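The block underneath contains the structure these notes are about, expressed in structure tokens.
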There are 2 protein chains.
Amino acid sequence: MRYTPNLSQLTSKFFMNDASKKTKLIEAATQLFHTQGINATSLKDIAEKAGVPLGNVYYYFKSKDELGLAAAEEQMGRLKGLLKSLEEQSQSPKKRIVAAIRFFESVKDRFAQFGCPVAQVCQSTLPATDVVGKSYANVYREHLDWLEAQFSEMGCKKDSAQYARQVLIGIQGAGLLAKALGSPQIISEELERLVQWVQNLA
Amino acid sequence: MRYTPNLSQLTSKFFMNDASKKTKLIEAATQLFHTQGINATSLKDIAEKAGVPLGNVYYYFKSKDELGLAAAEEQMGRLKGLLKSLEEQSQSPKKRIVAAIRFFESVKDRFAQFGCPVAQVCQSTLPATDVVGKSYANVYREHLDWLEAQFSEMGCKKDSAQYARQVLIGIQGAGLLAKALGSPQIISEELERLVQWVQNLA
DNA sequence: GTCTATATAATGATAGAC
DNA sequence: GTCTATCATTATATAGAC
């Protein structure tokens, strides 16, 4: 299974060989918010990475928060793209859940270095009040809703919501520990445990 | 009330009931790093909360990083204090593990609002290179070592390290989701699942 | 030891020429 | 649409009076 985000195709209204500046800014922000954190990343960092002069950023986004919201949308788009590709490739709900878990095997090294991009922003903001944190938190909701639907389709209707949380808790907890201790192996181990658990479900 | 430098010296050295300015700064930093994150917290914030003039902070700590290291030591001390009290109160290793899990029931509301204080700093720094993040990550190591020792004493020698990681992954994953979704209930549910799992172990 | 004042750099954000 | 120059604010950190 391979999931390739293709932001420029999604956001460009016309066929362009070159990603627009706005797209480049969103890509740069999304990446830097992941690797450095949203508070440690300045608009200058983002502008430089995107190859756009600092003052020009404000032509596309009226504030850093707006750029943060765009980055949250980008993360949401990536998750939805992943889930959609899993639905196309895996027939049964159980296989889809297993594939959704195993996907994180492909990003474990990045997670061990920088953590989960959604966790990074949700942890360094207050999602209860911060608009950007709130928007990033919606990515978790989307993930949980999808997992819950799969468990429900599997026949675990009564426990589908709880099972969905168990899966995401495992992935996120492992991601956090992996980053703190610098160990991708922690992620592999937890993913394997989750897969075994799902496959042994009725 | 104002006091002379001589009295101040006496107070901090011999009368422990009056917290010294250094202690107040560490307490303020520890709390603000938890609730606001280390990057969003300025030395001015810390100084004001501790009731110390900004310029005076540098008499006690030569940089923000040094204050961050002191806050990490404070978190380590709190964990060690918790683990020590669990050892005094619980007889069997299984009971100690269960008590170590159930402890987080008492902080679930704070976790749901601000996340875990250790996760907060480990997530917003790069523990692989950042000295403060590295120091906070040691709190996780201490927790894992203690859990592993308990599982080992229980008889799960072969799987003790993995079991320890499973417990901390569950606690941390639940803490992160609880903060993102504003739901202490997510923590309660996961803690109960972990307790059930431990109690059913051989 | 304590505190005011300040240096210096970086930040988010604007103004306005082209 | 693009870019330079710059404002206002805030950050870490220092100097030096008391």
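Since the structure is predicted, the reported quantities are computational estimates derived from the model, not experimental observations. Chain letters run A, B, ... following the sequence lines, proteins first and then strands; every chain starts at 1.
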For B:L83 and B:R96: C-alpha separation, side-chain torsions, deciding distance, then whether side chain to side chain contact (heavy atoms under 4.5 Å, CB included) applies.
CA-CA 9 Å; B:L83 300 179; B:R96 288 196 286 270; over 6 Å; no

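Contacts between residues 120-132 of chain A and DNA chain D, defined by a heavy-atom separation below 4.0 Å, involve no residue at all. Residues from residues 46-57 of chain A placing a heavy atom under 4.0 Å of any atom in DNA chain C, listed by number, are A:L54, A:G55. Near-neighbour residues of DNA chain D inside residues 58-66 of chain B, defined by a heavy atom below 4.0 Å, number-ordered: B:Y58, B:S63, B:K64.
Heavy atoms of other residues, nucleotides or ligands lying less than 6.0 angstrom from NZ of A:K94 number more than 12.
B:E192 and B:Q196 form a side-chain donor-acceptor contact under 3.5 Å, judged by distance and modelled atom types alone.
Here CG of A:D109 is found 8.5 Å from CD of A:Q113. Values are rounded to the nearest 0.5 Å. Atom CD of residue A:E190 and atom CD of residue B:Q166 lie 6.0 Å apart, to the nearest 0.5 angstrom. From A:T41, atom OG1 reaches atom CG of A:L32 across 5.0 Å, with rounding to the nearest 0.5 Å.
Residues in residues 153-183 of chain A take part in these ring pair (Phe, Tyr, Trp, His ring centres under 6.0 Å) pairs, two or more places apart or across chains: A:F151-A:Y163, A:Y163-A:W197. Evaluation of the side-chain hydrogen bond (donor to acceptor under 3.5 Å, both in side chains) test over residues 51-68 of chain B, restricted to residues two or more places apart or in two chains, returns none.
Electrostatic pairing of B:K108 and B:E105 counts as a salt bridge here, judged by a charged N lying under 4.0 Å from a carboxylate O. A salt bridge does not link A:E189 with A:R193: none of the charged nitrogens is closer than 4.0 Å to a carboxylate oxygen.
Taking the 5' to 3' direction, DNA chain D first and last meets chain A under 4.0 angstrom from a heavy atom at D:dG1 to D:dT4.
Between A:S42 and C:dA10 there is no side-chain N or O to OP1 or OP2 distance below 4.0 Å.
Contact annotation: the side chain of B:Q120 never approaches that of B:F114 to less than 4.5 Å [non-hydrogen atoms, C-beta and beyond].
Of the candidates B:Q75, B:Q123, B:M76, B:Y136 forms a side-chain contact (heavy atoms from CB on, under 4.5 Å) with just one, namely B:Q75.
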